[in-house]
Amino acid sequence: MLKNKLILIDGNNVAFRAFFALPLLNTDKGIYTNAIYGFATMLMKILETEKPTHVLVAFDAGKKTFRHETYTEYKGGRQKTPPELSEQFPLILELLTKFGIKHYQVENYEADDIIGTLAAKAGQATWDVKVVTGDKDFLQLANDQVEIALIRKGISDVENYKPSDVQERYGIDPGRIIDLKGLMGDSSDNIPGVPGVGEKTAIKLLKQFGTIEGVYESIDDVSGKKLKEKLIDHHEQALMSKKLATIDREAPVTLSLEECQYTFEVTSELIHLFKELEFHSLLDRIGAEETIDQNAQDEAFEFETLSEITEDHLESPSSLIVEVTDSNYHYGDIHGIGLSNKTGSYFIPIKTALSSEVFRSWLEDEKTEKVVFDGKEDTVALSWREVHLKGIMFDIQLASYLIDPSETNDDLAAISNRHNLSYVYSDDAFYGKGAKHRISGDEELGEHLARKARACLELLPLLQKKLDINQQTSLFNELELPLSLVLAEMERMGVKTSQDTLEQMGEELSRKLTEIEHNIYELAGTTFNLNSPKQLGEILFEKLQLPVIKKTKTGYSTSADVLEKLAPQHEMIPKLLDYRQLGKLKSTYIEGLLKVIHPKTGRIHTRFNQTLTQTGRLSSIDPNLQNIPIRLEEGRKIRKAFLPSKEDWVIFSADYSQIELRVLAHIAQDEQLIKAFENGMDIHTKTAMDVFGVKEEDVTSLMRRHAKAVNFGIVYGISDYGLSQSLGITRKEAGQFIEAYLDSFPGVKKYMEDVVKKAKEDGFVTTLLQRRRYLPDIRSRNFNRRSFAERTAMNTPIQGTAADIIKQAMVQMSERLAEEQLTTNMLLQVHDELIFEAPEDEIDKLKRIVPDVMENAVKLDVPLKVEYAYGPTWYDAK
DNA sequence: CCATGCACGC
DNA sequence: GACGTACGTGCATGGT
């Protein structure tokens, strides 16, 4: 017979935590769902990990409890429950009902007492009990049967406390938690305790005297005159506080343990509720994917599979889906084509498509208008097959991204659903995810593609209208859409990469790594897995007894900043840092890059994600060519493997100097900053002069380093904490630096204030070219989330405008290269730099053209400055 | 298969 | 006064 296991959940506490931990989500219909969602996530996690036989969720009842008879101020001064949360409680109860989980409350009592009472009952019956809450008060209940799961940060992270864990953490037994609270009080419940006694003092007293009563019995033995006075003065208050903190284990709970029985079952009612609340990820988790498909399938869909294509099928505009079998469109086959226009929706098997002259010339005709979902993918995939797609007039994914970059924009079904078109299956649902991925037969596939094509066609006017309302039509037509075609060319071109160079570097790295590894084992006196932070932590902090500087939620932190602090303590530490650095080079850059050299072209073909970042930057995957090492010489050598693709060509690299700070100067219209750039000053030195109030010749290198970090902070929107970390100073000092900076640049200060104010009014911020980022948290009552949103409001227009500018430069550069009939290829973009390969005899022209185009991509009130370099490899272009 | 810790770039 | 703090991608580990 399996042992019974009861989970007791502090309903109010979990709901509050969920509400404050998650952004204020809402459904299409405007129902707030963050607390419900968080509650559901926590619940599912607990049910999965604990597999209980019985579950109960306890709630507080009403405002007054028996504790108010003892102390009318109990829980006084609490903020009112926000209405956005209150309205979610009925739905949380509904959620529990549909999960088949009992919930319960008792007039005059708190959830605490219900839980305490039932925990005691279950304990007597020798059941296992787990209490889930965020409230440390509950630790008093821990005993051999009862374990407390304290929710740490977020919602689904818990820390389990057995009595020994309480002892370890507080140095006292669970039973003494009430004495602890009695002495130190609890501001959140407005329990007074003894003034001047905090956690440290309270624990010390309890270790010496056992209980509060014990303290007063031997009050003469208490050391410290002041402390003794305070204890005596507040004797009554201490006893009352202890009473308030004591959970009642004999509350009038009429519910029997058996009534809390729980059996895991996914009901259609639960699925229905999840759908109503738009909890798609949770539907996935309970395995209700098929039900989602069923929904789409319910609606009959008419389409035709074409075995022959005629002009009549190719009405303008037509939507076009080029389906690729591999998640990486540089590889894989084309699966088939979906097509839709006012004559109907069609599936074209790939053989039919590629053998049809009519279709091919339609694809390559600039004048026939195509609506696509991901034009870059289509263009590249067809380009690998010598078909040159032309005439893309609209890209659904791009448009959707510009309208709101925070939404899911890589899934046509998700976009469709947001616009109330519910007949598309998501690719994940249709093909299956990960290992479950399957390729379907033509019949099913045809319908899927025809549905997708139809959705693109129907989304066209809806998205066009939204772009128009947002004043983003020219951002779309003049910037992002043309850029997608430029990126397609760059990706298809790829960068020539020397396998030999990488392999040689790999061998040398292997030798060095083996040597360091042995060295470390010797110093450690044992072998272990150096790549395991867990094992390394045990060696450093247990075996070698080095001081613990920082902990992660799973153990000791062994990050570089921690190791640097420990470096003087043990000669092994610098070697560990070396090992990490070289190991990274070998695994990510040598082995990683070798894996992605295309066997046919000998080149690396990355993919730029144009619809991902919240700021408007690009990202690069498979491989990421935007984070190839440069700072440390050993890593920088990796760049020697990147070459031009022809003899006597060079790699030509051009980067914007201080583009973000120039953008800031322009947006903020800060006279100081604009002048500094007009005069060509070293901006970090200038910042140091102003912040530290010294003359140029008196700026020390330390001042300049600090000023540089402050500028870095402004550009990336880091907090005083972030700045303090990067400079190794206190948060207060960092805060003072930021203040001094803002006093020196009043235009910047005013901009920062104005942009936050505007964001609060509008709910979003914009860049120079009308890129948009919504900041729902900017009105949050949660300090953290609000502060983060405020920094984002200040930073996004800066970073996003810089992204606008280089994107504009790329589009113009592509046109200019064609105009000037150059054979130079643009290969990569790394946020503020462009990398080309060029024949030697075009270098002189590039030296003029590249800076010209980049510096004049947009007109600002500060000059943009571009620096360039070139050489036989990427390494040499410095 | 997923979360975690770590490290690389801007 | 606490909170947990730039954005991305990718690797190895260690749990399911």
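Just the heavy atoms: all of them, side chains too, but no hydrogens, waters or symmetry mates, feed the values below.
C/dG4 and B/dG5 are spaced 14 Å apart, taking the P atom of each and rounding to whole Å. Atom C1' of B/dC8 sits at a distance of 15 Å from the matching atom of C/dA6, rounded to the whole Å.
Residue A/Gln725 is classed as having no contact, given no heavy-atom separation below 4.0 Å to the nucleic acid. The residue A/Leu612 sits close only to the backbone: its heavy atoms come under 4.0 Å of sugar-phosphate atoms, none of a base.
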Worksheet entry | Watson-Crick and G-U pairing of DNA chain C written in dot-bracket, each distance under 3.5 angstrom, with | for inter-strand partners | ......|||||||||.

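Listed by residue number, the members of residues 574-583 of chain A with any heavy atom below 4.0 angstrom from DNA chain B are A/Arg580, A/Gln581. Residues of residues 620-629 of chain A that place a heavy atom closer than 4.0 Å to DNA chain B, in numerical order, are A/Gln626, A/Asn627, A/Ile628, A/Pro629. Residues of residues 783-799 of chain A that place a heavy atom closer than 4.0 Å to DNA chain C, in numerical order, are A/Phe783, A/Asn784, A/Phe788, A/Arg791.
Listed by chain and number, the residues in a side-chain contact (heavy atoms from CB on, under 4.5 Å) with A/Glu591 are A/Lys586, A/Ser587 (sequence neighbours excluded). Partners of A/Thr615 according to the side chain to side chain donor-acceptor pair (under 3.5 Å) rule, which considers only residues two or more places apart in sequence or in another chain, are A/Gln799. In this structure, the ring-ring contact (aromatic ring centres under 6.0 Å, His included) partners of A/Phe279, at least two apart in sequence or on a different chain, are A/Tyr37, A/Phe274. With sequence neighbours excluded, no residue forms a side chain to side chain donor-acceptor pair (under 3.5 Å) with A/Ser484. Taking A/His570 as the reference, nothing meets the ring-ring contact (aromatic ring centres under 6.0 Å, His included) condition, with sequence neighbours excluded. Residues passing the ring-ring contact (aromatic ring centres under 6.0 Å, His included) test with A/Tyr401: none are found, sequence neighbours excluded.
Following rounding to the nearest Å, A/His831 (NE2) and C/dT9 (C1') show an atom-to-atom distance of 10 Å.
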Distance-only criterion, 3.5 Å: show the donor-acceptor pairs between side-chain atoms of residues 731-739 of chain A and protein atoms not counting sequence neighbours.
unit_1, atom_1, unit_2, atom_2, d
A/Glu733, OE1, A/Thr730, N, 2.9
A/Glu733, OE1, A/Thr730, OG1, 3.2

Worksheet entry | Protein proximity profile, nucleotides 11-16 of chain C - base contact B, sugar-phosphate-only contact S, no contact -, cut-off 4.0 Å on heavy atoms | SSSSS-

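Between the side chains of A/Asp804 and A/Thr767, a donor-acceptor pair is found at a separation under 3.5 Å.
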